[in-house]
Student: 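Please see the structure below; I have some questions.
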Amino acid sequence: MISDPGPRLDWIGEGFDPVPAQVRDVVSVLDELGHESVKELFAAYGLRIEESGPTASQRRPSQAPPRSPTAAFISSIGFSSEELCGSILLGLARRVADGTVPIRGGNLADWTSELDNQLLGRFKNRLVRYGIYLEMSVPMAITADMLLAAPPGRIVRHHAFASKCGPLWLRLDLDVNPSLELAAYAAGASEPMLAEGEVLFF
Amino acid sequence: MKRVLIIDDSEIVRQEVQSALGTAGFEVLEAADGGEGLTKIREEPSLAVVLCDVHMPVKTGLDVLEQVRSEGGLSAIPIIMLTTDADPQLMQRARSAGASAWIVKPFKPNLLVSAVQKLAGA
C-alpha cells in the first residue's frame with residue numbers, strides 16, 4: 001500500500017503520427033535502441049523491467065499512449081547531431097527510484113536525472129556503432145501532473161514498463177533528417193566499446 | 001591522508017564516490033560543476049587525483065581538463081574522466097588533452113578505488 005503515490009501524470013498527444021515514410025525505418029531503429037537501453041540500464045541496477053503496454057508503433061493512432069498514474073520523478077535530457085536531435089524523458093514511480101538508488105536516503109530527483117543521463121549515454125554509445133555522434137545536454141528533473149503535447153512535426157515514441165518496484169516510462173522525442181540512413185553504418189555495429197565500469201588508462 | 005576531488009553535477013554520484021574512496025582511506029572533496037571544480041583544483045594543488053564527469057553545467061569536464069593542463073602548477077595532477085559516455089572521439093580528445101584514464105558509469109567501486117590508488121601512488 002503506497003500512502004503517497006505522487007502526482008498523476010498523463011501523456012498528452014502523440015506528436016507526429018504516423019511517422020513520415022522517409023524516416024520510418026530510422027525511427028524504428030532508434031525506438032528499439034531506446035527500448036534496449038532502458039532495459040539494460042535498469043538491469044545494471046538489479047531491476048528487471050518488462051514492457052507493460054503496446055509500443056507507439058503497435059498502437060493505432062486513435063489509441064491513447066500509456067498512462068503513468070503514479071509517476072513521481074521525471075527527467076528529460078536533450079541530444080543533437082547533424083542528422084538527429086531530440087530528447088529522452090524518463091518517468092519513475094517513487095518506488096522505482098527508491099529501489100535503485102545506490103545511496104540510502106539519497107536525493108531521488110537527482111537520482112532520476114542521473115539515470116536519465118546514463119540512459120542517454122547508453123543510447124549514444126549504441127549510435128556510435130552506426131557512425132552517429134550525439135552531443136549531450138545536462139538532464140533536468142521535474143515533477144508534473146501532465147505532459148503537454150509534442151510540438152508539431154516532432155516524432156514521439158512512448159514505452160511503459162512494469163517492474164517489481166512499480167512502473168516506469170520512456171518517451172523519445174525525435175527530429176530526424178530524412179537523409180539519415182542508419183543501416184549504412186551497420187557494418188561497424190559489432191565493434192567493441194569500453195564496457196561500463198572498466199578503467200581505460202591512457 | 002591523500003585528497004581526491006570528485007567533480008560531478010549528480011549529488012548521488014558524488015556520494016557514491018565519497019563512500020567508495022572514503023572507505024579506502026581517501027579524503028574526498030566535492031564540486032558540483034566544472035567551474036566549481038576548477039576553482040577547487042586551484043585552491044588545492046596538492047590533490048592526489050581528480051575524478052571528473054564530462055557533461056556538466058558551467059564548464060564541461062573536457063574544458064576543465066584542458067584548462068588544468070594549461071596551468072603550470074596543476075598540470076601533473078592525474079585526472080580520471082568518469083562519465084556515461086563511451087564516445088571514441090571524446091576519449092581521444094581527453095587522451096590528447098592529458099587525461100589519465102576514462103571510466104564509463106555506472107562504475108564498479110573496487111575498480112574505481114584501484115584506479116585512484118594506482119594514480120595516487122597509494
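Heavy atoms only: backbone and side chains are in, while hydrogens, waters and symmetry mates are out. Labels below follow one simple rule: chain letters A, B, ... track the order of the sequence lines, proteins then strands, and each chain is numbered from 1.
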Student: May I ask you to test the B/Thr84-A/Met136 pair for a side-chain heavy-atom distance under 4.5 Å?
Tutor: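 A side-chain contact exists here, since the closest heavy-atom pair is under 4.5 Å.
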Student: Taking all non-hydrogen atoms of both residues, which atom of B/Ala115 and which atom of A/Val199 are closest, and how far apart?
Tutor: CB-CG1, 3.9 Å
Student: For chain A, find which of B/Ile12, B/Thr83, B/Asp8 contributes the most heavy-atom pairs closer than 4.5 angstrom.
Tutor: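 Option with the top pair count is B/Ile12.
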Student: Does any part of the side chain of B/Leu90, heavy atoms only, come nearer than 4.5 Å to the side chain of A/Tyr133, both counted from C-beta?
Tutor: no
Student: What distance separates B/His55 NE2 from A/Glu135 CD, expressed to the nearest 0.5 Å?
Tutor: 7.5 Å
Student: If we check side-chain hydrogen bond (donor to acceptor under 3.5 Å, both in side chains) with B/Asp85, which of these qualifies: A/Gln118, A/Lys124, A/Arg122?
Tutor: A/Lys124
Student: Looking only at non-hydrogen atoms, find the nearest pair between B/Met91 and A/Phe202 and report the distance.
Tutor: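 So the two residues come closest at O-CZ, 3.8 Å.
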Student: Looking at chain B, which one of A/Ser113, A/Pro139, A/Pro102 has the largest number of heavy-atom pairs inside 4.5 Å, strictly under?
Tutor: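 Looking at each option in turn, the highest pair count goes to A/Pro102.
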Student: With rounding to the nearest 0.5 angstrom, report the CZ to CD distance, B/Arg14 to A/Glu114.
Tutor: 10.5 Å
Student: Between the main-chain N or O of A/Glu196 and the side-chain N or O of B/Lys108, is there a donor-acceptor pair closer than 3.5 Å?
Tutor: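 A pair under 3.5 Å: yes.
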Student: If you count heavy atoms of other groups shown closer than 6.0 angstrom to CZ of B/Arg42, is the number above 12?
Tutor: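 Atom CZ in B/Arg42 is packed in, count exceeds 12.
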Student: Mind running side chain to side chain contact (heavy atoms under 4.5 Å, CB included) on B/Val104 and A/Glu198 for me, showing each step along the way?
Tutor: CA-CA 7 Å; B/Val104 178; A/Glu198 283 186 5; over 6 Å; no
Student: Tell me whether B/Glu71 at atom CD has more than 12 heavy atoms from other residues, nucleotides or ligands lying less than 6.0 Å away.
Tutor: yes
Student: Which pair of non-hydrogen atoms, one from A/Asn125 and one from B/Ala86, has the smallest distance, and what is that distance?
Tutor: OD1-N, 2.8 Å
Student: Is a donor on one side and an acceptor on the other found under 3.5 Å between the side chain of A/Asn107 and the backbone of B/Ser10?
Tutor: no
Student: Pick from A/Val138, A/Val128, A/Leu127: which one has the most heavy-atom pairs with chain B under 4.5 Å?
Tutor: A/Val138
Student: Count the heavy-atom pairs under 4.5 Å between each of B/Ala99, B/Pro88, B/Pro57 and chain A, then report the option with the highest count.
Tutor: B/Ala99
Student: Which distance, rounded to the nearest 0.5 Å, do you find between the CG of A/Leu200 and the CZ of B/Arg95?
Tutor: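 The CG atom of A/Leu200 sits 6.0 Å away from the CZ atom of B/Arg95.
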